[in-house]
Amino acid sequence: MAPTLALVGATGAVGTVMIDIMNGRQEWPWGEVRLIASQRSAGRHLTVRGVEHTVVALSPEAFDGVDIAMFDVPDEISAEWAPIAASRGAVVVDNSGAFRMDDDVPLVVPECNLDRIHDRPRGIIANPNCTTLSMMAALGALHRTFDLRELVVASYQAVSGAGVAGVERLYAELAAVVGKGVGVRAGDVREALEAARLPLEDSPFPAPLALNVVPAAGSYKGDGWYSEELKVRNESRKILGIPDLRVSATCVRVPVVTTHSLAVHATFASEVTVEQAREVFEAQPSVVLMDDPADNVFPTPADVVGGDPTYVGRIRQALDFPNTLDFFVCGDNLRKGAALNTYEIAEALAR
């Protein structure tokens, strides 16, 4: 009998992308699909693969008969409800940060450690943060061949990583700046936002995003570090199975709606050349090479948004650093960075 799949958070930003991914899959291993959301969204009608479904309210009974439940909800909702779903017999694949660093919960990227889906004492499998995920298919492929030892990353993160509020704020700021017709002075952006009555205390970001970049992503954790930077360090170690991996990250929010980009500086135990790296990337089905800088071929968010693969370019031997490569990665943070990876795990469980 085909398994029953539940999607919790079906009406949210990532849930909507998840349904789009489900509608586009060639294989379909599921019998029943159950769409679950908050009480205020219950009763809505959504279509999955040509079949209209009525969204049901989140409750313990909603998981009765469910084999696999994908959670695309905030941390606090997952923390409360994922154990309930597991207690009703479902295997939970959770896209929040609630369980990622739990020793009894595997943190899975199918290209890197799919075998871990069977080691789930709590009945929960975690999906990594979208920033870590954006580079992991490429980095994992290199690690298997050359043995990763050190990682320095600078991320350029889209506002959709902060949810719908982040996207709405960027659009509002851009409208204010365009409406004000700002010039080139540094204070013009702030003046435009003040004129449009967009106070910073109403923003999910600590500084203006329009015509700006902000070196602060996530919440401040002390000692100069933000949560997104610590996630890159801790999650990379867990996914790749390298507990002593040396990692340093600087995460920057940029005025891009969707698609995270990362500049990666990776050092390996073995000697590695650019040509060897290209061969590794070309053999990885979920990685696309865009690497001809002489003809201005390299990935950008505008090229990548809406796509499922990881896009890699600007591959080069790091000057003055042995066994080290520098490269640039782009990945749609709402697809592979969130919904697609979750769905791929669920699909693997169904097989």
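Values below: all heavy atoms of this structure, side chains included; hydrogens, waters and symmetry mates excluded.
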Heavy atoms, side chains only, cut-off 4.5 Å: are W81 and V8 in contact?
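No, side chains not in contact.
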(message) Do I117 and L114 make a side-chain contact, defined as non-hydrogen atoms from C-beta onward lying under 4.5 Å apart?
(response)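 Yes, side chains in contact.
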Do any N or O atoms from the side chain of [X] and from the backbone of [Y] form a donor-acceptor pair under 3.5 angstrom?
X    : Y    : value
R233 : L230 : no
H260 : N333 : no
H53  : V33  : yes
R34  : L7   : no
D303 : T300 : yes
S87  : I84  : yes
N113 : L107 : yes

List, one per line, each side-chain donor-acceptor pair under 3.5 Å for residues 319-326, sequence neighbours excluded.
residue	atom	partner	partner atom	Å
T324	OG1	T267	OG1	2.8
T324	OG1	P322	O	2.8
D326	OD1	H265	ND1	2.7

Looking at residues at least two apart in the chain, or sitting in another chain, which of them share a side-chain hydrogen bond (donor to acceptor under 3.5 Å, both in side chains) with [X]?
X    : answer
S270 : none
D102 : R122
Q276 : T273
E344 : K336

What is the minimum heavy-atom distance between [X] and [Y], and which atoms define it?
X    : Y    : result
C130 : S134 : O-OG, 2.8 Å
V108 : I125 : CG2-CG2, 3.7 Å
N341 : P128 : ND2-CD, 3.8 Å
A6   : I36  : CB-CD1, 4.0 Å
L133 : G337 : CD1-O, 3.5 Å
Q284 : A141 : OE1-CB, 4.0 Å

Test of understanding: clusters of I, L, V, M, F, W, Y form through side-chain heavy atoms closer than 4.5 Å, transitively. Do [X] and [Y] belong to the same one?
X    : Y    : value
M135 : I242 : yes
V109 : V287 : yes
V159 : Y156 : no
L349 : I124 : no
V232 : I239 : yes

How many angstroms lie between [atom1] in [X] and [atom2] in [Y], if you round to the nearest 0.5 Å?
X    : Y    : atom1 : atom2 : answer
S203 : E173 : OG    : CD    : 5.5 Å
L174 : R169 : CG    : CZ    : 11.0 Å
T259 : L334 : OG1   : CG    : 8.0 Å
F327 : R314 : CZ    : CZ    : 13.0 Å
L35  : L46  : CG    : CG    : 6.0 Å
L240 : C112 : CG    : SG    : 5.5 Å

- Pair E194 + R190, salt bridge at N-O below 4.0 Å: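 A salt bridge is absent here (no side-chain N lies under 4.0 Å from a carboxylate O).
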Check this for me, if you would: do E347 and R351 make a salt bridge, where the nitrogen-to-carboxylate-oxygen distance has to be below 4.0 angstrom?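 Salt bridge between E347 and R351, a charged N being under 4.0 Å from a carboxylate O: yes.
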Where at least one partner belongs to residues 234-243, residue pairs that pass side chain to side chain donor-acceptor pair (under 3.5 Å), sequence neighbours excluded: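 Found T132-E235.
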**Request:** Not counting sequence neighbours, which residues clear salt bridge (charged side-chain N to carboxylate O under 4.0 Å, His left out) with D147? List them please.
**Result:**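 Partners of D147 by the salt bridge (charged side-chain N to carboxylate O under 4.0 Å, His left out) criterion, ordered by chain and then number, come out as R149.
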Result block: side-chain N/O donor-acceptor pairs under 3.5 angstrom for residues 243-257, not counting sequence neighbours:
residue	atom	partner	partner atom	Å
R246	NH1	E150	OE2	3.1
R253	NH1	A158	O	2.9

- Does a side chain donor of either E228 or N129 reach within less than 3.5 Å of an acceptor in the other side chain?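 Side-chain D/A pair, E228 to N129: present.
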Within 6.0 angstrom of Q26 CD, more than 12 heavy atoms from elsewhere:
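Open.
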- For E27, look at atom CD and say whether over 12 heavy atoms of other residues, nucleotides or ligands are found less than 6.0 Å away.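 No.
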For residues 206-222, which side-chain N or O atoms pair as donor and acceptor with protein atoms under 3.5 Å away, sequence neighbours left out?
residue	atom	partner	partner atom	Å
N212	ND2	P208	O	2.7
Y220	OH	D223	N	3.4
Y220	OH	G224	N	2.8

With a 3.5 Å cut-off and sequence neighbours excluded, list the donor-acceptor pairs that the side chains of residues 11-20 form with protein atoms.
residue	atom	partner	partner atom	Å
T11	OG1	S41	OG	3.3
T16	OG1	G12	O	2.7
D20	OD2	R335	NH1	2.9

Listing request: all salt bridge (charged side-chain N to carboxylate O under 4.0 Å, His left out) pairs with a residue in residues 282-293, at least two apart in sequence or in separate chains.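 Sorted result for residues 282-293: R278-D291.
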Below 3.5 Å, can you tabulate the donor-acceptor pairs from side chains in residues 59-78 to any protein atom, sequence neighbours excluded?
residue	atom	partner	partner atom	Å
S59	OG	A62	N	3.3
D64	OD1	R88	NE	2.9
D64	OD1	R88	NH2	3.0
D64	OD2	R88	NH2	3.2
D67	OD2	T4	N	2.7
D72	OD1	N95	ND2	3.3
D75	OD1	G97	N	2.9
S78	OG	D94	OD1	2.6
S78	OG	S96	OG	3.4

